[in-house]
Amino acid sequence: MDLGWVTLKGLVNPELLKTVEEVFCFTTMTPVQAACIPAMLNYKDVAAEAVTGSGKTLAFLVPLLQILLRRDAKWKKSEVGAVIIAPTRELAQQISEVLEHFLRSLPSLSCALYIGGTSVQDDLDKFNESGTNIIIATPGRLEDLLLHREASNLPAALKYLEVLILDEADCLLSLGFEKALNSILQMLPKQRRTGLFSATQTTEILKLIRAGLRNPVSVVVRDRQTAASLGEFLLDY
Ligand SMILES: Nc1ncnc2c1ncn2[C@@H]1O[C@H](COP(=O)(O)OP(=O)(O)OP(=O)(O)O)[C@@H](O)[C@H]1O
């Protein structure tokens, strides 16, 4: 199996590949990337069980950006096309740093972090003033923002949602965010692609998969290797 990023040529915007190859200097996809990117580009929901360090961030950022770039109409600031939920501020910030590298060559898209540490009102003001196309959030803060419906343009902006990512889903649940996640899922449009990434698969994760994903492709990667030495790599369509 050819895991070169170059195999995505023609399937994804050249700027995305240029960032992967010239900024990150990656030549081959990791197994989780090779499985998740084509599946998500093919409009599938993905439930991926992959160990820490297996390259999950690009496995969801590349298809997420490509799905947004596919839309003919230019994204307005008042339209949120993607939401990424991460369990901790640090992880949300790390994802945002990786995403910023891509956005430097994609000026039509913007990203905002909603991770607490400031008042909910500050974040509402920030969104109402500037809007954004991609939200990276921790679940508690996102739920708070969504519950302030009367003072916020966010619920209307989320009607345009195309992609939802739940990163480190096992961690999201072990930190007690199940209720917040279910409440968020209730408030998001059902017509979307969803990717769920987790280091382990538990009964609780399966429950979350049933609640938030539709006919997902299941990806299991138990080793961290890149193409040089493919580990266990199961794809279940
Ligand atoms: N295709 C690739 N080729 C080489 N290195 C890669 C590739 N994709 C990601 N990496 C590197 O592998 C490391 C782990 O990637 P990433 O943080 O996305 O993994 P993760 O599975 O999300 O890990 P964590 O659970 O720790 O967040 C990072 O240093 C990243 O830069």
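Indexing begins at 1, ligand by ligand and atom by atom, following the structure's order.
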S.K.: With a cut-off of 4.0 Å, which atoms of ligand 1 are near a heavy atom of Thr52?
M.R.: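 Within the 4.0 Å cut-off of Thr52, ligand 1 contributes 23 (O), 24 (P), 25 (O), 26 (O).
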S.K.: Looking only at distances, please establish whether an N/O atom of ligand 1 is found under 3.5 Å from an N/O atom of Met29.
M.R.: no
S.K.: Any salt bridge linking Glu162 with Arg71? Criterion: basic side-chain nitrogen under 4.0 Å from a carboxylate oxygen.
M.R.: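 Result for this pair is no, no salt bridge flagged.
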S.K.: Counting only heavy atoms closer than 4.0 Å, does ligand 1 sit against the backbone of Gln94, its side chain, both, or neither?
M.R.: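 No part of Gln94 is near ligand 1 at this cut-off.
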S.K.: Does any non-hydrogen side-chain atom of Val23 lie less than 4.5 Å from one of Arg104?
M.R.: no
S.K.: Which of the numbered atoms in ligand 1 are under 4.0 angstrom from any heavy atom belonging to Thr57?
M.R.: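 Counting atoms of ligand 1 from 1, those under 4.0 Å from Thr57 are 16 (P), 17 (O), 18 (O), 22 (O).
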S.K.: Using a 4.0 Å cutoff against the non-hydrogen atoms of Glu168, which atoms of ligand 1 qualify?
M.R.: 24 (P), 25 (O), 27 (O)
S.K.: Taking only heavy atoms of Gln33 into account, list the atoms of ligand 1 that are under 4.0 Å away from them.
M.R.: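 Heavy-atom distances to Gln33 below 4.0 Å select 1 (N), 2 (C), 7 (C), 8 (N), 9 (C).
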S.K.: Which of these, Phe197, Phe24, Phe26, has its nearest heavy atom closest to atom 30 (C) of ligand 1?
M.R.: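 Comparing heavy atoms across Phe197, Phe24, Phe26, the nearest one to atom 30 (C) of ligand 1 lies in Phe26.
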S.K.: Checking side-chain polar atoms at under 3.5 Å, does Gln121 have a donor or acceptor matched by the opposite partner on Asp125?
M.R.: yes
S.K.: At less than 4.0 angstrom from any non-hydrogen atom of Trp5, what atoms of ligand 1 do you find?
M.R.: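 Numbered from 1, ligand 1 contributes 1 (N).
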S.K.: Quick one: ring pair (Phe, Tyr, Trp, His ring centres under 6.0 Å) pairs with a partner in residues 145-184, sequence neighbours left out?
M.R.: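 Found none.
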S.K.: I'd like to check which ligand 1 atoms, numbered from 1 as shown, lie under 4.0 Å from a non-hydrogen atom of Lys56.
M.R.: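 Every atom of ligand 1 under 4.0 Å from some heavy atom of Lys56: 18 (O), 19 (O), 20 (P), 21 (O), 22 (O), 25 (O).
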